[in-house]
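My questions will all concern the structure given below.
Starting from 1, each residue takes its place in the sequence as its number.
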Amino acid sequence: MSELRVQVGNLVRHHREFAELSQANLAEEINKSVQLVGRIERGETAPSFETLEALSSALETPVRNFFGIGSYEAGTKTKDDPLEKIISRTVGMSHADLVWLDSLIENALARKPSR
């Protein structure tokens, strides 16, 4: 099994669970079978571009989020996870706003006492 298919499948599952949808609900939303959704989530098959677009729309997340975010491991985080909250809050920000936010984070970390 391709590592990329497994990663995409894990991220689809992660975003589906985050959206609190069952596989059946997601399948209905994207007009595909429950079996296909399951095969994608298990990494047994890769979604087509059209299916990726449908998943993106149904799960309200950019397609790029199905391909990972740095070393962020899908499926190991919860809605209460601070990293998940940061990612969710910043996904739609403009480049200029992300640059501004990065400078705030950099300044905050510079002021944090070392241990």
query = Got a second to check how far E28's CD is from S33's OG, nearest 0.5 Å?
reply =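 It comes to 13.0 Å.
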query = Does any N or O in the side chain of T45 come within less than 3.5 Å of the main-chain N or O of I40, such that one atom is a donor and the other an acceptor?
reply =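 Pair absent, no side-chain N/O of T45 close to backbone of I40.
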task = Can you measure from CG (L52) to CZ (F67) and round to the nearest 0.5 angstrom?
result =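 Nearest 0.5 Å value for the CG-CZ distance: 5.0 Å.
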ask   = Less than 4.5 Å apart, any side-chain heavy atom of R13 and any of N10?
value =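 When only atoms from C-beta onward are counted, N10 and R13 do touch, with a gap below 4.5 Å.
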request  = Examine L26 and V63 and state if one hydrophobic cluster contains both, with Ile, Leu, Val, Met, Phe, Trp and Tyr joined whenever side-chain heavy atoms are less than 4.5 Å apart.
outcome  =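 Shared cluster, yes.
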inquiry  = Return the CG to CD1 distance between L55 and I30, rounded to the nearest 0.5 Å.
reply    =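 Atom-to-atom, L55:CG and I30:CD1 are 4.5 Å apart.
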query = Looking at NE2 of H95 and CG of L98, how far apart are the two atoms once the value is rounded to the nearest 0.5 Å?
reply =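 It comes to 7.5 Å.
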key: Atom CD of E44 with >12 non-hydrogen neighbours under 6.0 angstrom   =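 Count over threshold, so yes.
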key: Heavy-atom donor-acceptor pair, S103 side chain to W100 backbone, under 3.5 Å   =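 Judged by distance alone, yes, a pair lies under 3.5 Å.
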inquiry  = Quick check for you: to the nearest 0.5 Å, what is the distance between H14 atom NE2 and L59 atom CG?
reply    =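 It is 10.5 Å, given to the nearest 0.5 Å.
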key: Rounded distance (nearest 0.5 Å) linking atom CG of D102 with atom CG of D97   =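 CG of D97 is found 12.5 Å from CG of D102.
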ask   = Do you reckon F49 sits in the same ILVMFWY cluster as F66, going by side-chain contacts under 4.5 Å, direct or chained?
value =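 Yes, same cluster.
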task = Please report the shortest heavy-atom distance between L21 and R16, naming the atom on each side.
result =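 What the structure gives for the nearest pair is O-NH1, 2.9 Å.
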key: Exceeds 12 heavy-atom contacts within 6.0 angstrom, atom CG of N107   =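 Yes, the 6.0 Å shell around CG holds more than 12 heavy atoms from other groups.
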